[in-house]
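Working notes, beginning with the structure itself.
First listed ligand is number 1; within each ligand, the first listed atom is number 1. Count residues from 1 along the sequence.
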Amino acid sequence: MGGENVTSDQVIAEMIDMGFEFSDVTEAVKAVGASLDDAIEFILNGNCGCSSKKSCGKMRQLSIMGCLQSGVKPKRSKITSSESDIFVLPKSKRLSRTVEGPKECIPETSNVVVPCYKEEDDGIGLSDWEMAVKKILHEHFGYSSLKPFQKEALAAWLAHKDSLVLAATGSGKSLCFQIPAVLTGKVVVVISPLISLMHDQCLKLAKHGVSACFLGSGQIDRSVEEKAMSGMYGIIYVCPETVLRLIGPLQSLAERRGIALFAIDEVHCVSKWGHDFRPDYRQLSVLRENFSAANLKFLKFDIPLMALTATATNCVRDDILKSLCMSNDTKIIITSFFRANLRFSVKHSNTSSLSSYEKDFHELIEIYTRKKNFGKRYDVMSKNLEHASDSIRGTPNCDMFEPDTTDEVDDFSENDNEAGLSNECSSVCSKDNKLSVEYLEDECDVFHDTDDLDVPYGEFCGQSLAKDLNEFESLNEHHLQSRPEERLKLHLGLLEEGPTIIYVPTRKETLCLTKFLSKFGVRAAAYNAKLPKAHLRQVHKEFHDNVLQVVVATIAFGMGIDKLNVRRIIHYGWPQSLEAYYQEAGRAGRDGKLADCVLYANLTRIPTLLPSQRSEEQTKQAYKMLSDCFRYGMRTSYCRAKMLVEYFGQEFVQEKCFLCDYCIKGPPEVQNLKKEVTILMQAIISHNGLNSFTDVSYDDTIESGVSHRRSVGKPNLKTLISRIREQNQEFISSDLLWWRGLARVLEDKGFIMEGSDKTYVQIKFPELTKSGLELLTSEDEPFYVHPEADMLLSMRNCKSYSSFAEWGKGWADPEIRRQRLERKRSWRKPKKRKMLKPDMKTVRGRLAAKILKRR
Ligand SMILES: Nc1ncnc2c1ncn2[C@@H]1O[C@H](COP(=O)(O)OP(=O)(O)OP(=O)(O)O)[C@@H](O)[C@H]1O
Ligand SMILES: [Mg+2]
């Protein structure tokens with residue numbers, strides 16, 4: 001360097017590599033031109049005064065396009081620890097000097113739903129920034145082009161607009177905020193809810209040659225924060241708590257190196273109406289206030305906010321925009337929530353006994369053990385677990401053959417929902433591991449040395465990845481563009497072996513089910529937030545290395561698990577919401593190949609809410625979400641994918657997905673239930689009167705661990721059904737389950753409604769609506785219904801047990817036969833009950849003693 005033909009950019013790059021500050025270098029080059037020697041001399045002579053005068057060398061930030069067009073790309077600045085404090089500037093410190101950026105060329109943007117799959121482009125007709133992005137994509141990430149929604153998001157950012165990106169799980173949202181860092185050389189700050197997520201992304205970025213770090217309680221290297229605030233990393237991941245603490249240093253960073261963007265990942269955590277509410281997310285509105293051009297004079301534009309999520313209903317979207325104070329012309333980018341390669345189904349299971357494990361997992365066991373006979377059990381994880389299970393309250397050791405479901409509720413209280421956990425059950429943790437958000441984040445800490453994350457160009461850019469990605473792209477395009485019949489043919493084949501994640505509601509079940517699967521030679525491991533860190537680290541590693549076949553996890557094995565070849569996501573028990581369900585299910589099939597998402601749920605029981613601190617309003621919303629999830633499981637006459645996509649407020653263009661259990665099996669036969677409907681409605685009227693909306697008094701009762709007011713004076717559905725059975729010989733042996741299903745159908749169709757002001761998972765105090773009354777009076781009209789899953793279940797059971805002849809028939813059904821034999825066996829061997837000594841201090845005890853004496 002130093003010859004006549006060097007450009008300013010080359011001089012700048014060379015000097016930054018030497019360790020000079022970016023701002024000083026640009027100032028020097030501006031003053032003396034593109035001469036390396038002169039520029040060095042300029043700085044060393046103190047003309048710039050950068051090293052001595054802390055306030056010197058700052059410049060007003062260029063606009064994003066300006067920064068791109070000038071070709072300026074600041075690099076990492078070298079700092080010493082003594083210099084680090086200079087970056088924390090007081091808020092009052094403002095620079096008056098401004099440098100205008102070149103004339104903007106702002107891309108046109110509008111709010112549209114964009115397809116998720118990629119468009120082929122050969123570079124012809126691309127704008128400058130698109131060409132620059134294409135180069136970055138190729139060089140850093142090994143992708144050939146942006147997906148349309150990614151392009152939309154980048155266009156909005158380039159136009160200095162805020163954006164809300166709603167794109168399916170695994171669609172590639174991260175790239176929307178990663179590209180700006182590489183493109184401009186400015187810093188991108190990413191707010192993320194989980195340390196494990198941040199780890200994952202930092203590691204990947206390091207492999208792609210992008211410097212990134214994460215900050216927060218999980219970061220054990222304290223110097224990383226200092227380095228980050230000095231502009232050492234292109235992308236800084238922080239949890240919301242930390243970003244709130246770092247407002248001052250970040251303002252300083254914005255002034256020195258520039259902040260291209262604040263990305264708020266998993267932004268549904270902002271909303272109380274979402275499934276993963278994190279109170280600290282709500283405070284992120286301070287970003288808008290503290291990083292606006294009105295507040296920071298060196299900014300020409302507000303630093304854009306980019307909010308991203310895969311699961312947000314319309315109401316959550318509105319809440320996000322409002323809570324984060326996003327600008328009025330925020331660009332909303334929505335891709336289809338439809339994942340064309342996911343095969344959804346719902347199966348009934350009581351999900352809580354050895355026999356249900358045997359019944360539900362024998363196929364899975366066969367899949368994983370048919371090729372190789374492992375001979376011995378997969379012991380590594382089991383040994384860890386035996387040790388770990390000791391540390392779990394009420395679970396000294398999980399013995400599969402005596403499954404104790406009684407402490408299920410106890411375990412619920414230890415659920416791994418971070419929001420729910422932060423304030424409770426500290427007794428479960430070891431002394432120095434207080435149960436708090438910090439503790440939970442710490443739980444998933446995978447690395448000890450954060451410098452490990454800062455490694456250049458990794459093996460991800462190798463051939464195998466490129467091959468996988470090409471395959472993924474072509475498959476995805478094929479799925480989405482091909483005709484439904486073709487997709488049906490393509491997908492009806494057998495699933496590849498691939499890894500499985502099983503989500504269970506309680507920590508105890510992660511251990512029990514793992515132990516069960518391991519006994520049959522499946523390489524399975526448990527994952528929950530209370531297991532030792534070393535174990536969790538091992539699970540992550542072995543799962544990613546395809547050593548493990550199955551991970552049995554609570555929701556702690558959470559957001560951001562981005563493994564391409566997960567073939568099955570099994571939910572073993574009701575999820576708390578469809579948002580949570582879809583996000584977890586979305587971890588399957590990211591390679592675009594066929595993957596199964598199966599929900600095993602006890603269709604005979606109404607699911608309960610996991611205890612957590614909620615306001616009355618939040619409790620109501622939580623019940624509403626649980627209820628939607630329950631209805632998803634119960635419906636038998638609607639495409640599952642369609643149901644899910646529509647739940648997120650999106651139109652499902654196709655009639656059906658051609659893959660889910662409904663699309664394959666079709667709906668059950670319709671039945672004319674006019675008689676039953678009439679009887680139920682008459683029972684409601686006879687108890688509520690025609691003017692059903694009468695005043696009701698309330699009393700307080702505790703239900704599902706949450707305080708409720710129950711209507712007094714209004715009979716609930718259960719009582720109504722008992723009366724129907726008592727008063728109608730014909731329905732004497734009918735089942736509550738069946739009637740409950742019918743009531744739900746009537747409610748969904750708008751003929752009855754909940755009469756109390758509470759929200760229940762299942763209608764509890766039914767009242768007739770106006771259309772219900774009309775239906776009742778339309779005597780001759782039939783009422784055809786596809787029975788829902790609980791009704792079908794009830795009908796199946798009634799048939800088999802209603803008469804002696806039916807009982808005989810039942811033996812032909814292998815499942816009924818197995819159940820009966822099991823029951824018989826249990827009759828023969830009555831469980832020995834431990835006789836407790838009566839407590840003579842209580843009335844009940846003295847009574848028991850008397851009875852015993854008589855015997
Ligand atoms: N332009 C692209 N071309 C090809 N593959 C891409 C592209 N962008 C992203 N991907 C792939 O998509 C996968 C998922 O990306 P990412 O983790 O960003 O998804 P996400 O939308 O954030 O998912 P989640 O909702 O689970 O967080 C990555 O492994 C990556 O390989
Ligand atoms: Mg993501």
Side-chain angles (χ1 to χ4, degrees), residues 114-121 130 133-154 165-179 182 190-194 196-205 207-208 210 212 235 237 263-269 274-276 306-312 333-337 339 341-342 458 460-462 464-477 501 544 555 557-566 569 579-592 648:
V114 284
C116 178
Y117 53 86
K118 288 169 41 167
E119 282 166 346
E120 267 317 309
D121 62 53
E130 285 173 294
V133 169
K134 203 172 158 68
K135 194 161 173 266
I136 290 168
L137 273 180
H138 182 70
E139 282 176 4
H140 283 270
F141 298 95
Y143 309 145
S144 55
S145 59
L146 285 175
K147 297 179 181 185
F149 88 89
Q150 293 171 331
K151 201 161 144 185
E152 286 284 321
L154 286 175
V165 182
L166 299 146
T169 48
S171 55
K173 292 185 286 300
S174 318
L175 213 60
C176 301
F177 54 77
Q178 289 165 351
I179 295 271
V182 189
V190 186
I191 292 103
S192 170
L194 290 173
S196 58
L197 244 175
M198 301 184 207
H199 270 300
D200 230 48
Q201 297 229 344
C202 286
L203 185 65
K204 273 193 197 138
L205 283 168
K207 285 177 175 171
H208 290 314
V210 181
I235 303 184
Y237 284 88
I264 303 155
D265 203 11
E266 311 292 353
V267 74
H268 56 270
C269 295
H275 64 287
D276 235 336
M306 185 186 279
L308 309 100
T309 178
T311 47
I333 299 149
I334 308 173
T335 71
S336 171
F337 284 109
R339 292 275 306 275
N341 61 323
L342 299 187
F460 259 54
C461 297
S464 64
L465 176 81
K467 188 174 158 284
D468 278 358
L469 284 174
N470 287 339
E471 245 172 57
F472 169 75
E473 285 158 23
S474 62
L475 268 168
N476 245 355
E477 266 169 57
I501 304 174
H544 280 278
I555 55 169
F557 199 60
M559 294 179 249
I561 298 280
D562 181 28
K563 183 167 165 58
L564 289 179
N565 64 340
V566 177
I569 299 283
E579 280 99 324
Y581 178 66
Y582 203 47
Q583 192 173 59
E584 283 150 14
R587 280 156 212 161
R590 290 188 174 208
D591 52 6
F648 291 106

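- At a 3.5 angstrom cut-off on N or O pairs, Q150 counts as close to ligand 1.
- Between the side chain of H268 and the backbone N or O of T309 there is no donor-acceptor pair closer than 3.5 Å.
- Here is the list of ligand 1 atoms found below 4.0 Å of a heavy atom in S174: 16 (P), 17 (O), 18 (O), 22 (O).
- No side-chain donor-acceptor contact under 3.5 Å links K147 to the backbone of G172.
- For the residues A310, G170, S144, the heavy atom positioned nearest atom 24 (P) of ligand 1 is part of G170.
- Distance alone, capped at 3.5 Å, places no donor-acceptor pair between the H138 side chain and the S144 backbone.
- Ligand 1 has no atom lying under 4.0 Å from any heavy atom of R587.
- Aromatic ring pairs are classed by plane angle as parallel below 30°, tilted from 30° to 60° and perpendicular above 60°; the pair Y582 and F337 is perpendicular.
- Formation of a donor-acceptor pair under 3.5 Å by the R339 side chain with backbone atoms of G589 is found in this model.
- Near S145, with a cut-off below 4.0 Å to any heavy atom, the atoms of ligand 1 are 1 (N), 2 (C), 3 (N).
- In this structure, A168 is part of the shell of residues with a heavy atom less than 4.0 angstrom from ligand 1.
- Residue contacts with ligand 1 for Q583 are absent, since no atom lies close enough (heavy atoms, distance under 4.0 Å).
- Of all atoms in ligand 1, numbered sequentially from 1 with element shown, those under 4.0 Å from a heavy atom of R590 are 23 (O), 24 (P), 26 (O).
- Panel note: side chain E579, backbone A312; no donor-acceptor pair is recorded below 3.5 Å.
- Less than 4.0 angstrom separates some heavy atom of E266 from each of these atoms of ligand 1: 27 (O).
- No donor-acceptor pair under 3.5 Å is formed between the side chain of K134 and the backbone N or O of L146.
- Near T169, with a cut-off below 4.0 Å to any heavy atom, the atoms of ligand 1 are 23 (O), 25 (O).
- For S192 and E266, the side-chain atoms include no donor-acceptor pair closer than 3.5 Å.
- Close contacts between ligand 1 and L175 involve ligand atoms 1 (N), 8 (N) [criterion: under 4.0 Å to a heavy atom].
- Here's the thing with L146: none of its N/O atoms is less than 3.5 angstrom from an N/O atom of ligand 1.
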